[in-house]
Amino acid sequence: MTTPRTVPGKIVLIFYGFFGCAGAILFFNLFLERIITFLAYILRAIHERDLRRKGLAKDPKNRRASEASEDDQLDSWKPSVYWVMLILLLGALVVAVCASSMYYPVEDWTYFEAIYFCFVTFATIGFGDYVVSQKSEYTNVHLYRLGNFVFIVLGCCCIYSLFNVTSIVIKQVLNWLLRRLNCDCNCRLKKPPMTRRNAITPGAIHRGGKAPTVTVTDADGDSDSEYRRNSGEMISMKDFLQANKISLAMMQKQLWETAQSGRANNNNSGFQGGVGPLAILNRKLGQDEFDPAI
């Protein structure tokens, strides 16, 4: 509840808050990278032990150098983002439960109010409806303030990591929904259109007998081939290929360049990729896509 009242104090707060918030974000990102690395190491060890139990991988102590390729699949293995999110959720709950056990008897709150205060504080929402250290006297005040500091730092780190991992899951769900919507739209567009009477009459059944002859000239100026096409009939693909050799080559080149540029920008479209914490999680977990089988 301490706020600056003078103009110099407010100016100092602006600069202190600018560099302090930047340093706090850096600290949270470093904690996120370290905790994800630690959880990935633990989950990898569990996965490797499970493979050994099933006989798919051999014990490194009893493995010869020539058999080292049998565990190459572990090099590309990444932990599931759902297991990481579950572990972080359990860690945040443990910190919140322990902190609430300290807050509610000291601050004379109910246990639910203490849990609510922990979430609002750890998530840095800070409504200010519940504030600690407002009494005039506390028993073991220095020990209480130290515990308050430790719980707030650990809680903010756990909730920050949990929020970032949850954002990865939300991104995967949104990508899945976008693919489903795109698939539904494509299916609707691929439906055959309603036929109309006398829209296109094939030359073989054209009324009036023999269809008129139309001469198609190539791009080189040659006109050694004749193709018959009705005035109301669409030109066939064979006629198009014969009559537009140069145009077709230019079109193929443009389509190839478009496909190459689209392939290069594939990672930057939609909700793929990421920066900051998302980049850390994508690099550590390696799960950008939503797997419906999980």
Side-chain angles (χ1 to χ4, degrees), residues 1-4 13-14 16-43 79-135 138-173 274-285 287:
M1 303 298 292
T2 302
T3 58
L13 178 63
I14 291 175
Y16 171 80
F18 178 80
F19 292 103
C21 291
I25 292 175
L26 176 61
F27 174 78
F28 288 151
N29 287 334
L30 292 176
F31 178 86
L32 173 65
E33 186 174 5
R34 298 301 184 272
I35 193 65
I36 294 298
T37 302
F38 175 74
L39 294 179
Y41 176 80
I42 298 297
L43 293 175
S80 174
V81 66
Y82 305 102
W83 282 110
V84 175
M85 183 178 67
L86 179 60
I87 295 174
L88 289 176
L89 177 61
L90 293 177
L93 287 177
V94 169
V95 175
V97 167
C98 295
S100 300
S101 300
M102 181 187 70
Y103 287 135
Y104 90 92
V106 177
E107 300 292 342
D108 295 332
W109 295 338
T110 63
Y111 196 80
F112 176 77
E113 290 175 343
I115 289 287
Y116 169 78
F117 167 79
C118 289
F119 175 77
V120 172
T121 303
F122 296 165
T124 65
I125 299 174
F127 287 125
D129 47 354
Y130 291 91
V131 183
V132 298
S133 300
Q134 295 301 301
K135 294 182 179 180
Y138 285 94
T139 304
N140 299 324
V141 60
H142 299 290
L143 184 62
Y144 174 66
R145 289 177 178 175
L146 177 62
N148 185 25
F149 171 78
V150 172
F151 279 126
I152 288 179
V153 171
L154 289 178
C156 288
C157 291
C158 291
I159 291 295
Y160 177 82
S161 302
L162 179 61
F163 283 169
N164 282 284
V165 175
T166 306
S167 67
I168 292 291
V169 177
I170 295 175
K171 185 186 72 170
Q172 293 175 347
V173 174
V275 295
L278 293 181
I280 295 174
L281 294 174
N282 290 336
R283 185 174 65 254
K284 295 294 182 179
L285 303 180
Q287 292 189 359

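Below, each value reflects all heavy atoms present in this structure, side chains not excepted, and no hydrogens, waters or symmetry copies. Just so we're clear, the structure is a prediction, and the values are computed from it rather than from any experiment.
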Item to check | Residue pairs involving residues 89-102 (criterion salt bridge (Lys or Arg N to Asp or Glu O under 4.0 Å); sequence neighbours excluded) | outcome: none
Checklist entry - Please, which pairs that meet salt bridge (Lys or Arg N to Asp or Glu O under 4.0 Å) have at least one residue in residues 100-111, sequence neighbours excluded? => result D108-K135
Item to check | side chain to side chain donor-acceptor pair (under 3.5 Å) involving N164 - partner list, sequence neighbours excluded | outcome: none
Checklist entry - Can you list the residues that meet the side chain to side chain donor-acceptor pair (under 3.5 Å) rule with D129, with sequence neighbours excluded? => result Y116
Checklist outcome for this item: Sorted by chain and residue number, the ring pair (Phe, Tyr, Trp, His ring centres under 6.0 Å) partners of Y138 (sequence neighbours excluded) come out as Y144
List the atom pairs, with distances to 0.1 Å, where a side-chain N or O of residues 86-96 and a protein N or O form a donor-acceptor pair under 3.5 Å, not counting sequence neighbours.
none

Item to check | Qualifying residues under side chain to side chain contact (heavy atoms under 4.5 Å, CB included), relative to I125, sequence neighbours excluded | outcome: F119, V120, A123, F127
Checklist outcome for this item: In short, salt bridge (Lys or Arg N to Asp or Glu O under 4.0 Å) pairs touching residues 140-156 with sequence neighbours left out are none
Checklist entry - Taking only residues two or more places apart in sequence, or in another chain, which ones meet T37 in a side chain to side chain donor-acceptor pair (under 3.5 Å)? => result K284
Item to check | pair F122-C158: side-chain heavy atoms closer than 4.5 Å | outcome: no
Next on the checklist: According to side chain to side chain donor-acceptor pair (under 3.5 Å), does anything in residues 16-25 pair up with another residue at least two apart or in another chain? List the pairs.
Outcome noted: none
Checklist entry - Excluding sequence neighbours, so at least two apart, what forms salt bridge (Lys or Arg N to Asp or Glu O under 4.0 Å) with E113? => result none
Checklist outcome for this item: Across all chains, not counting sequence neighbours, the ring pair (Phe, Tyr, Trp, His ring centres under 6.0 Å) partners of W109 are F117, Y130
